[in-house]
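There's a structure below that I have some questions on.
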Amino acid sequence: MPELSIETLPLLPLTSGVVLPGMVVTATLETPEARSAATAARDAGQLLVLVPKVGERYARVGTVAAIEDAGELPGGQMAVVVRGLHRAGISVGVAGTGTATWVQVQRLEEPTPSPRAHELAREYRAVVESILESRGARQIVDTLRGVDDPGQLADTAVYSPDLSFEHKVELLETVDVEERLTKVLGWARDALAEQEIKDRIRRDVSEGMEKSQREFLLRQQLTAIRKELGELDGDDEDLIAGYRRKLDEAELTEDARKAVEREIGRLERTPEQNPEHGWIRTWLDTVTELPFGKKSEDRLDIGAARVVLDEDHTGLEDVKDRIIEYLAVRKLRNERGIEPKAGRGSGTIVALVGPPGVGKTSLGESVARAMGRNFVRVALGGVRDEAEIRGHRRTYVGALPGRIVRAIGEAGSMNPVVLLDEIDKVGSDYRGDPSAALLEVLDPAQ
């Protein structure tokens, strides 16, 4: 191992940058300490040691540099041009001439690069080239390819704008080439990952904006063409804008939103003379009037529910007990955080059986009042058409949605208490069997 040479040099502190061996930089002399160090160096052989100052402490390693030129900047500040020569360990402060700070420094020789260091250098070069090419700095890539020494290649990381001042000081203090390459490779990988994320976000945003702008321009062109053909007037424009505004305000599910957007697009392309224009408008009016996203907050107080049932009905203890059991299960599931879900296990339907006038309908109203939900009654007596349950086909004149969908719209919330009244009086004929349609609607597994 070669002996370490010891020198006594003036110290020039650096507070915002780091100078590594081989770098040529212009250092401004902003403080009296810096000006004193430059003056002492010119008087003692043009050498000084540049040491970064992090907070209140100096770095353990500095860079011995030679002053190549000195002068005054256009702003009036004094500056020196220095060239970094080699790393040096800071030993102790010593007494010197003038007001400059003099320190003893020991030259730190870099060890011979190992095969592992050359492997890390190749990997680091590839990562840095990827970063520079993504930023369009191809000229710097060519310059980087001319650096063969692994230690010098690691020191080029000091030029990276992604490294903080603390990281650059850490780079200066790391003398071992393999360890230095390991650090800069890790930092470069982090910078590359961040760059890729930024590029992907920028690309996604750009594509989304381009798609929105393209759709807007096409829609404007389509509107202008339809105006020229006399197929569109101001009322139609206001109508379509109104549907889009309702769509933006409604809390629809993703599938429902896609369906509504598809129908609004069809409405824009369909002339008013076409019968489908009216069918689409009826469908959109029905969907946009449904209370999507509006739900009543359940009040699951078993004691209060029993009080409400007893106030509204005398007797019927078995029926009240069954309803209380149902509400108790809902309360228990809610306390345990078991969210309602579709399909099997999503809940039960309470069936009330009895002769007319015993309080079946009023029991439903009491349950809704006890839970704090809206109440709606669907009378099924005499219904013989499946379309009353499923909804009519849109091609029929006066087509309407099914009774249950209409009931939800009348209730004003998506979770009302729905009472299907007189279900035993549902009939069937050549138009179908409404009871089969009810089975499809009410079966949780469907």
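Values below: all heavy atoms of this structure, side chains included; hydrogens, waters and symmetry mates excluded. Note that the structure is a prediction, hence the values are computed from the model and not measured.
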- Does atom CZ of R336 have more than 12 heavy-atom neighbours from other groups under 6.0 Å away? no
- Message: To the nearest 0.5 Å, what is the distance between NE2 on H86 and CG on L108?
- Response: 9.0 Å
- Query: Just how far is it from atom CD of Q195 to atom OG of S130, taken to the nearest 0.5 Å?
  - Reply: 11.0 Å
- Using the salt bridge (Lys or Arg N to Asp or Glu O under 4.0 Å) rule, take D301 and K331 through it: C-alpha gap first, then chi angles, then the decisive distance, then the call. CA-CA 8 Å; D301 188 337; K331 180 179 180 181; 5.5 Å; no
- Message: Under a 3.5 Å distance rule, please check whether T156 uses its side chain to pair with a backbone N or O of L153 as donor and acceptor.
- Response: yes
- Message: Donor-acceptor check, side chain of T63 to backbone of G84, threshold 3.5 angstrom: yes or no?
- Response: no
- Task: Would you check if the side chain of E173 reaches a backbone N or O of R60 as a donor-acceptor pair within less than 3.5 Å?
- Result: yes
- Query: Is the closest side-chain heavy-atom distance between V18 and L171 below 4.5 Å?
  - Reply: no
- Which heavy atom of A188 sits nearest a heavy atom of V128, and at what distance? CB-CG2, 4.4 Å
- Hey, what do you get for CG (L163) to NZ (K183), rounding to the nearest 0.5 Å? 12.0 Å
- Mind checking whether I67 and L47 have side chains closer than 4.5 Å, heavy atoms only? no
- Message: Are the side chains of E68 and V82 in contact, using a 4.5 Å heavy-atom criterion?
- Response: no
- Task: List the steps, then state whether salt bridge (Lys or Arg N to Asp or Glu O under 4.0 Å) holds for E119 with R116.
- Result: CA-CA 5 Å; E119 182 181 344; R116 174 60 179 165; 3.4 Å; yes
- Message: Under 4.0 Å between a side-chain nitrogen and a carboxylate oxygen: does that hold for D155 and R87?
- Response: yes
- Message: Any side-chain to backbone donor/acceptor pair from R83 onto V25? Under 3.5 Å, distance only.
- Response: no
- Check against side chain to side chain contact (heavy atoms under 4.5 Å, CB included), T288 and L247: CA-CA 7 Å; T288 53; L247 177 61; over 6 Å; no
- Query: Given E178 and S114, is the side chain to side chain donor-acceptor pair (under 3.5 Å) satisfied, shown in steps?
  - Reply: CA-CA 7 Å; E178 188 173 328; S114 62; 3.0 Å; yes
- Message: Any side-chain to backbone donor/acceptor pair from R180 onto G151? Under 3.5 Å, distance only.
- Response: yes
- For A65 and L50, which heavy atoms make the closest approach, and how far apart are they? CB-CD1, 3.8 Å
- Item | Carboxylate-amine/guanidinium proximity below 4.0 Å for D255 and K258 | no
- Quick check: does any side chain N or O of R35 sit under 3.5 Å from a backbone N or O of L29, one acting as donor and the other as acceptor? yes
- Might you work through the side chain to side chain contact (heavy atoms under 4.5 Å, CB included) test for L12 and V49, ending with a clear yes or no? CA-CA 6 Å; L12 176 61; V49 59; over 6 Å; no
- Heavy-atom check, side chain of V417 versus side chain of V376, under 4.5 Å: no
- Is there side-chain contact between V260 and R257, with heavy atoms separated by less than 4.5 Å? no
- Note on the structure: Closest heavy-atom pair, L172 versus V61, reported as atoms and distance to 0.1 Å, is CD2-O, 3.2 Å
- Query: How far apart are the closest heavy atoms of W283 and E263, and which atoms are they?
  - Reply: CZ3-CG, 3.3 Å
- Item | Sub-4.5 Å side-chain heavy-atom contact between P52 and Y58 | no
- Query: Can you tell me if T174 uses its side chain to pair, donor with acceptor, with the backbone of D176 under 3.5 Å?
  - Reply: no
- Item | Criterion side chain to side chain contact (heavy atoms under 4.5 Å, CB included) on V64 and R107, from CA distance to verdict | CA-CA 8 Å; V64 175; R107 178 166 182 161; over 6 Å; no
- Query: Can you find a heavy atom in the side chain of T15 that is under 4.5 Å from one in the side chain of F165?
  - Reply: no
- Kindly compute the distance separating CZ (R266) from CG (L284), expressed to the nearest 0.5 Å. 9.5 Å
- Query: Given side chains that start at C-beta, do those of W187 and D162 come closer than 4.5 Å, heavy atoms only?
  - Reply: no
- Item | Worked check of side chain to side chain contact (heavy atoms under 4.5 Å, CB included) between F375 and L419 | CA-CA 8 Å; F375 174 77; L419 180 72; 3.8 Å; yes
- Task: Please determine if E129 and R125 form a salt bridge, counting it only when a charged side-chain N lies under 4.0 Å from a carboxylate O.
- Result: no
- Atom pair NZ (K295) and CE (M414), whose distance is rounded to the nearest 0.5 Å: 7.5 Å
- For atom CD of E297, is the number of surrounding heavy atoms from other residues, nucleotides or ligands below 6.0 Å larger than 12? no
- Task: Start with the C-alpha gap between E194 and K198, add the side-chain angles, then the distance that decides, and say whether salt bridge (Lys or Arg N to Asp or Glu O under 4.0 Å) holds.
- Result: CA-CA 6 Å; E194 184 179 355; K198 289 180 179 179; 3.4 Å; yes
- When rounded to the nearest 0.5 angstrom, what is the spacing between OG in S413 and CG in N374? 4.0 Å
- Nearest heavy-atom contact between A59 and V169 is CB-CG1, 3.9 Å
- Message: To check you understand the geometry: which heavy-atom pair defines the closest contact between P401 and T286, and what is its length?
- Response: CG-CG2, 3.7 Å
- Residues, nucleotides or ligands: over 12 heavy atoms within 6.0 Å of R244 CZ: yes
